[in-house]
Number of protein chains: 4
Amino acid sequence: MKILVNTKTEGNRLGRPRSEKTRKAILVAAYELLQESGFKNVTVDGIAEKSGVSKATIYKWWANKSAVVLDSFFDASELMLQVPDTGSIEEDLFMQVSNLATFIYSDKGKAVSEFIAEGQFDPNMANEYRQRYFFPRRAISTNIFERAIGRGELKQDLDIEMGIDLIFSPLFYRLLIMGEHIDENYIKKLISYVMIGLRTNS
Amino acid sequence: MKILVNTKTEGNRLGRPRSEKTRKAILVAAYELLQESGFKNVTVDGIAEKSGVSKATIYKWWANKSAVVLDSFFDASELMLQVPDTGSIEEDLFMQVSNLATFIYSDKGKAVSEFIAEGQFDPNMANEYRQRYFFPRRAISTNIFERAIGRGELKQDLDIEMGIDLIFSPLFYRLLIMGEHIDENYIKKLISYVMIGLRTNS
Amino acid sequence: MKILVNTKTEGNRLGRPRSEKTRKAILVAAYELLQESGFKNVTVDGIAEKSGVSKATIYKWWANKSAVVLDSFFDASELMLQVPDTGSIEEDLFMQVSNLATFIYSDKGKAVSEFIAEGQFDPNMANEYRQRYFFPRRAISTNIFERAIGRGELKQDLDIEMGIDLIFSPLFYRLLIMGEHIDENYIKKLISYVMIGLRTNS
Amino acid sequence: MKILVNTKTEGNRLGRPRSEKTRKAILVAAYELLQESGFKNVTVDGIAEKSGVSKATIYKWWANKSAVVLDSFFDASELMLQVPDTGSIEEDLFMQVSNLATFIYSDKGKAVSEFIAEGQFDPNMANEYRQRYFFPRRAISTNIFERAIGRGELKQDLDIEMGIDLIFSPLFYRLLIMGEHIDENYIKKLISYVMIGLRTNS
DNA sequence: TAGTAACCGAGACGGTACGTCCCGTCTTTAC
DNA sequence: GTAAAGACGGGACGTACCGTCTCGGTTACTA
């Protein structure tokens, strides 16, 4: 499931092997700069200086600034995705959405909206974070919905993809377009509204 | 309702008045470049050259590139917002959402996602397009919802803001994050799912 | 006779005029760096930093490092070319050659051999210093020879170009290829040897 | 007389001996690149790739790019220096100078001026080509002059070094500074002019 | 015939400079 | 005062080549 930006098939043994220390130094520097200054203000020169690595080395392994920074983000987020399983679809979804919301509004999470923004101008980047960030999260939600269907809580013929869209998209709409935070009440109400339409008896 | 980027004009009377021809030339050039090359590839030098206007003049009236280009977009979209009123909430919403979707996926509309993207790095810009683009559209939706409540179609105590979020946010989620188009069937199904939760009898 | 690298026809009046201060700052910085570090170690970044001018400005007016540095050299050498006229061809030539030798072996003059060197890889540069440095000097020598012919000292049908070559080329041969200095005795002996072949009665 | 760049070999016996095949491959590749692209455009990476040898190996045996390329030049020029002996100083010198001129203006010989150029910035290199290229040639000229003195053609107390300078330096002056070719007539005239000054009866 | 020292290919790496691009500001003259 | 023309400082970009290094693997003397 995890798609890496660059590893160049580990099986190569010819020549001097890539320095793990260097790779890590780059990612750490990139991530720190991202936290300090935000995506727009991170520069490759800056990463090079901070990490003590030459620009050429950075450009050898990553296509451009976006690629390094994105990679540094995933490298830093040791992202044990939790799979909520409380027995109630509302509970499960609430946990997942509010965890996500908490992260997205946190210092560490503010990069997410910057990545989405940059992704509008850089299709490769967009594809990358979709694969590495959003798809794994949607997979968990799919699981949550499937279990709920199995328990008879939700319609048998439910369009799960749309269910997920309904639950998560307001979060990003508020974040990206309205520029507003949402709170727990909003999430609870949202879930309760949506669930009515998805239930067995509706 | 319409908020302009720059007018400051009103009360000034001394000296040569601002040339309307120049203003228009800038906006037209900016808009054409936006269509041709996308937001990122528009440059102020480019606008100046294409319009035969000096850069100083552009910077005199607009704060930066984003401001001109955004303004050119609104100047070009002679945007008579239509207020659907079919007597059915589903019909009204379907019209509004599918119009919006059609636009957003069109050549002219692709700028919207670029503006949202740039807005993540430029709060002023974000505020600007919110005021000029999104709030007017939400106002119409509010009207649609209020009429439906009045007709008894929807709950009396409905949280209209959240209703609007539920209907519109999947469109942008798919656009900005999933990078996918949505079709009429998606919109219809979406509205039908959501409406169940908002109806009087639910 | 003087051929300038770049002035772009003084008659232009539109737009902000080129800053003489900036031009001078660049040339001064370039010349100082040339003296301090030698041609190879001069960098455009260095000139930019030392002069407080942006690299873009430098590259706007000069094609590359060589062009600026060469220009700075001529700008610094306020080169009142002296035309010796002692009444004796030997005296005249001795003055000219030993002046040249003194300069070429001085700190300021060591750039000349670096320019010639660089000229082997950059035909434009070679042409430039030929026009600005060598041709004017040869013109003076031509004058010296012509006067001597007029006085009857030298053959009427003398190949003046070759005469000049014979007098000056050993200087550069010793400088560029043998890497040796020549002294006054060498010059005197050289002139006396050559003159025998060029005299009327030979 | 022949001074090699690197041999250091002599006394070593332990370990794997240096591969002659590798040495030759490097020199051949370097020389071909020199011919194709000129000195400035030869890169060590290029030599390594073309020869199938690693950069480290190149740097193990030569100090830098200049050293390899210069060495490749001498390796390629199987330079049986001919010693003209026609019985006439004019004839002997004409043969030597015109041979040199022909070479210097040929494709293979254009490297000479590039070496001289590079030598201005790299004293080691300058010393190297002086020892390997110019001194052997001057030795032959010395021989020619000495024989002529022995035959009574030239002055007994002739400054031979200066005689050689006078004959050869115009060739390089024209090549390096004027950027011009010289032809047979030039050489003949040059020799006849110079000889007058050097003869017994002058 | 086994050790071992030196050789060698592959290629990663730090460093330094390059020349380009675009931003937003400033400085002229012309209207 | 408005405007065109265009010079300018700043700052980042991505590229190129240098010379050094670190691996794994090879080769041929010497014990």
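Throughout, protein chains are lettered first and strands after them, A, B, ... in sequence-line order, and every chain is numbered starting at 1. Remember, it's a predicted structure, so these values are computed and weren't measured experimentally.
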Nearest-Å distance for atom pair [atom1]/[atom2], residues [X] and [N]:
X	N	atom1	atom2	result
B:I47	E:dC21	CD1	P	18 Å
D:E49	F:dC18	CD	P	13 Å
A:E20	F:dC21	CD	C1'	18 Å
D:R18	E:dG9	CZ	C1'	16 Å
D:I58	E:dG11	CD1	P	15 Å
D:K24	E:dC8	NZ	P	16 Å
C:K21	E:dT27	NZ	C1'	12 Å
B:K40	E:dC23	NZ	P	12 Å

**OP:** Take the angle between the ring planes of B:F73 and B:F115 and call it parallel below 30°, perpendicular above 60°, tilted in between.
**Re:** perpendicular
**OP:** Please identify each residue that fulfils side-chain contact (heavy atoms from CB on, under 4.5 Å) with D:N41, with sequence neighbours left out.
**Re:** D:S37
**OP:** For D:T43, enumerate each residue passing the side-chain contact (heavy atoms from CB on, under 4.5 Å) test, keeping only those at least two apart in sequence or located in another chain.
**Re:** D:D45
Original post:
Between D:F39 and D:K65, is there a cation-pi geometry (under 6.0 Å to ring centre, at most 45° from the normal)?
Top reply: yes
Would you please name every residue forming a side-chain hydrogen bond (donor to acceptor under 3.5 Å, both in side chains) with [X], sequence neighbours left out?
X	result
B:S51	none
D:K40	none
D:K108	none
B:E49	none

Subject >> Close residues, residues 113-126 of chain A, relative to DNA chain F [heavy-atom separation under 4.0 Å] >> reply: none
Produce the list of close N/O pairs, under 3.5 Å, pairing protein atoms with atoms of nucleotides 14-17 of chain F; give distances to one decimal.
residue	atom	partner	partner atom	Å
F:dG14	OP2	A:Y59	OH	2.3
F:dG14	O5'	A:Y59	OH	3.4
F:dG14	N7	A:K55	NZ	3.0
F:dG14	O6	A:K55	NZ	2.8

Subject >> Contact list for residues 112-126 of chain C, test side chain to side chain donor-acceptor pair (under 3.5 Å), sequence neighbours left out >> reply: none
**OP:** Look at all strands and tell whether C:G52 reaches a base, only sugar-phosphate, or nothing, counting heavy atoms closer than 4.0 Å.
**Re:** sugar-phosphate
Subject >> Pairwise 5' ranking along DNA chain E for A:T22 and D:T57, keeping only the more 5' one >> reply: D:T57
Subject >> Closest-nucleotide ordering on DNA chain E, the 5'-leading residue of B:S66 and D:A48 >> reply: D:A48
Original post:
So, is C:W61 close to the F:dC8 phosphate, meaning a side-chain N or O under 4.0 Å from OP1 or OP2?
Top reply: yes
Original post:
Any donor-acceptor pair under 3.5 Å joining the side chain of A:R16 to the base of F:dC21?
Top reply: yes
**OP:** Let me know, please, whether B:V53 or C:S51 comes out on the 5' side of the other along DNA chain F by nearest nucleotide.
**Re:** B:V53
